[in-house]
Amino acid sequence: MLGAVFFDRDPRTVAKDLVGKVLRRRIRSSWLSVQIVEVEAYSIREKGSHASLGRTPSREALFMPAGTIYMYYSRGADSLNVSCRGAGNAVLFKAGRPFTDALSPPESLDRMHELNPGSRGERPLERLCSGQTLICRALELRVVDWNRRTFDPQTFFVEDVGYRPSRLIQARRLGIPKGRDEHLLYRFIDFDRVRSATSNPMTKRGFKEGVDFRILSLRRPSANARRDHFWAKDS
DNA sequence: CCAAAGATGCGCT
DNA sequence: GCGCATCTTTGGG
């Protein structure tokens, strides 16, 4: 299980490292699993974040220690975040892909389809968790149960299963109104699994490489050199 | 009251 | 495959 130490870092670093990790959720006796495909980072220092709107009871989790679950309800559905280093900083889980292994056998997929049925027939497996609220539906995660709580190895946690993406797409975040730091490239998508992401920045009309998105290769040259290069243009 | 880190269907290019 | 209207439910002004 990834603990507080994992989340006690810059939310952009946490977001990048979360791509490929697996959400584990126990419903009664069966474990449901979703591998993370897309994540967004939010900082209190920019206007896209909920934290920048002020500290209120419903946003309190954002200001609690790194690793605290922040859930909110908007437009008829729940969304999942985790607080990171720096009061008000967090990552938002945007999309994932159903995952099976010894802990979550193929039958677990049936349970997820039940929890998140399509309005017209069963969803394609590849699109079952391709949205922030779809993840929450498929894993039965709700604000009343999980907001302000921490991960728990008995019922809900994040696991490193050893998967390492070869490339990430770094892009603008979704749903950020104009003037709210919408240009920041704080969204990260597994290049090889973009079909399970909310949308594909590379094929979006009007999106230009180097402005609206960029490709990060995660081959193994100096991690520090990479990081400096990637973030050199941030304010 | 109404905007909100959204999702869906339907119509189009 | 994309854009836009429409549906959604709650917290906060």
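Fair warning: this is a prediction, and the values are worked out from it, not measured in the lab. Chain A is the first sequence line, chain B the second, and so forth, proteins listed ahead of strands; every chain is numbered from 1.
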Notebook entry, point to check: Among the nucleotides C/dG12, B/dT8, C/dC2, which one has an atom lying closest to any side-chain atom of A/Ser119?
Noted result: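 The listed nucleotide nearest to A/Ser119's side chain is B/dT8.
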Next item on the list: Look at the side chain of A/Arg123 and decide which nucleotide, out of B/dG6, B/dT8, C/dC2, has an atom nearest to it.
Entry: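 Ranking B/dG6, B/dT8, C/dC2 by closest atom to the A/Arg123 side chain puts B/dT8 first.
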Check: Restricting to pairs with a member in residues 102-115 of chain A, which pass salt bridge (Lys or Arg N to Asp or Glu O under 4.0 Å), not counting sequence neighbours?
Finding: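 As it turns out, the salt bridge (Lys or Arg N to Asp or Glu O under 4.0 Å) pairs with a partner in residues 102-115 of chain A, which skip direct neighbours, are A/Arg111-A/Glu114.
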Checklist line | Nucleotide pairing, DNA chain C (Watson-Crick or G-U, distances under 3.5 Å), in dot-bracket with [ ] and | | finding: |||||||.||||.
Check: Of the options A/Ser196, A/Ser166, A/Pro165, which is the one that meets A/Asp190 in a side-chain contact (heavy atoms from CB on, under 4.5 Å)?
Finding: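 Testing A/Asp190 for a side-chain contact (heavy atoms from CB on, under 4.5 Å) against A/Ser196, A/Ser166, A/Pro165 leaves exactly one candidate, A/Pro165.
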Separation of [X] atom [atom1] from [N] atom [atom2], in whole Å?
X        : N     : atom1 : atom2 : result
A/Phe93  : B/dG6 : CZ    : P     : 16 Å
A/Leu92  : B/dG6 : CG    : C1'   : 11 Å
A/Ile176 : B/dG6 : CD1   : C1'   : 12 Å
A/Arg127 : B/dG6 : CZ    : P     : 15 Å

Check: Pick the nucleotide of DNA chain B nearest each of A/Leu174 and A/Pro117; which residue has the one closer to the 5' end?
Finding: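 Looking at the nearest nucleotide for each, A/Leu174 comes out on the 5' side.
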Give me the residues of [range] where at least one heavy atom lies under 4.0 Å from an atom of DNA chain C, by number, or none.
range                       : answer
residues 193-204 of chain A : A/Thr203, A/Lys204
residues 57-83 of chain A   : A/Ser58, A/Tyr73, A/Arg75, A/Gly76
residues 129-148 of chain A : none

Item checked: Within residues 32-43 of chain A, residues whose heavy atoms come under 4.0 Å of DNA chain B ->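 Result for residues 32-43 of chain A: A/Tyr42, sorted by number.
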Next item on the list: Hey, could you give me the CD1/CG distance between A/Ile169 and A/Asp212, rounded to the nearest 0.5 Å?
Entry: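 So the CD1 of A/Ile169 and the CG of A/Asp212 are separated by 13.0 Å.
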With [X], which residues qualify under salt bridge (charged side-chain N to carboxylate O under 4.0 Å, His left out), at least two apart?
X        : result
A/Glu209 : none
A/Asp192 : none
A/Lys47  : A/Asp181
A/Arg55  : A/Glu60

Do the side-chain N and O atoms of [X] and [Y] include a donor-acceptor pair separated by under 3.5 angstrom?
X        : Y       : value
A/Arg24  : A/Ser33 : yes
A/Asn147 : A/Tyr73 : no
A/Thr198 : A/Glu38 : yes

Item checked: Test ring pair (Phe, Tyr, Trp, His ring centres under 6.0 Å) applied to A/Trp31 and A/Phe156, A/Phe157, A/Phe99, the passing residue ->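 For A/Trp31, the ring pair (Phe, Tyr, Trp, His ring centres under 6.0 Å) test succeeds with only one of A/Phe156, A/Phe157, A/Phe99, which is A/Phe157.
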Notebook entry, point to check: Under 6.0 Å from the six-membered ring centre of A/Tyr163 and within 45° of its axis: does the NZ or CZ of A/Arg193 meet both?
Noted result: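 Here A/Arg193 passes the 6.0 Å and 45° test against A/Tyr163.
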In residues 135-142 of chain A, what donor-acceptor pairs under 3.5 Å come from side-chain atoms, sequence neighbours left out?
from     : atom 1 : to       : atom 2 : distance (Å)
A/Arg137 : NE     : A/Asn116 : OD1    : 3.4

Margin query: Can you tell whether the side chains of A/Glu46 and A/Arg173 come within less than 4.0 Å, N to carboxylate O?
Written below: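 So A/Glu46 pairs with A/Arg173 through a salt bridge.
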Notebook entry, point to check: Any idea which heavy atoms bring A/Ser130 and A/Ala197 closest together, and the distance?
Noted result: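 A/Ser130 and A/Ala197 have their closest heavy atoms at CB-O, 3.8 Å.
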Next item on the list: Work out which heavy atom in A/Pro98 is nearest to a heavy atom in A/Leu109; give both atom names and the distance.
Entry: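 For A/Pro98 and A/Leu109, the tightest heavy-atom pair comes out as CB-CD2, 3.5 Å.
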Between the protein and nucleotides 11-13 of chain B, list every N/O to N/O distance that falls short of 3.5 Å.
none

Notebook entry, point to check: Distance-only, no hydrogens or angles: does the A/Asn81 side chain make a donor-acceptor pair with backbone N or O of A/Tyr70 under 3.5 Å?
Noted result: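 Yes; judged by distance alone, with no hydrogens or angles, the pair exists.
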Next item on the list: Could you go through the side chain to side chain donor-acceptor pair (under 3.5 Å) check for A/Ser79 and A/Gln132 one step at a time?
Entry: CA-CA 6 Å; A/Ser79 295; A/Gln132 65 201 53; 3.0 Å; yes
Margin query: Does A/Arg173 reach a base, just sugar-phosphate, or nothing at all? Heavy atoms under 4.0 Å.
Written below: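 Here A/Arg173 touches no strand at all.
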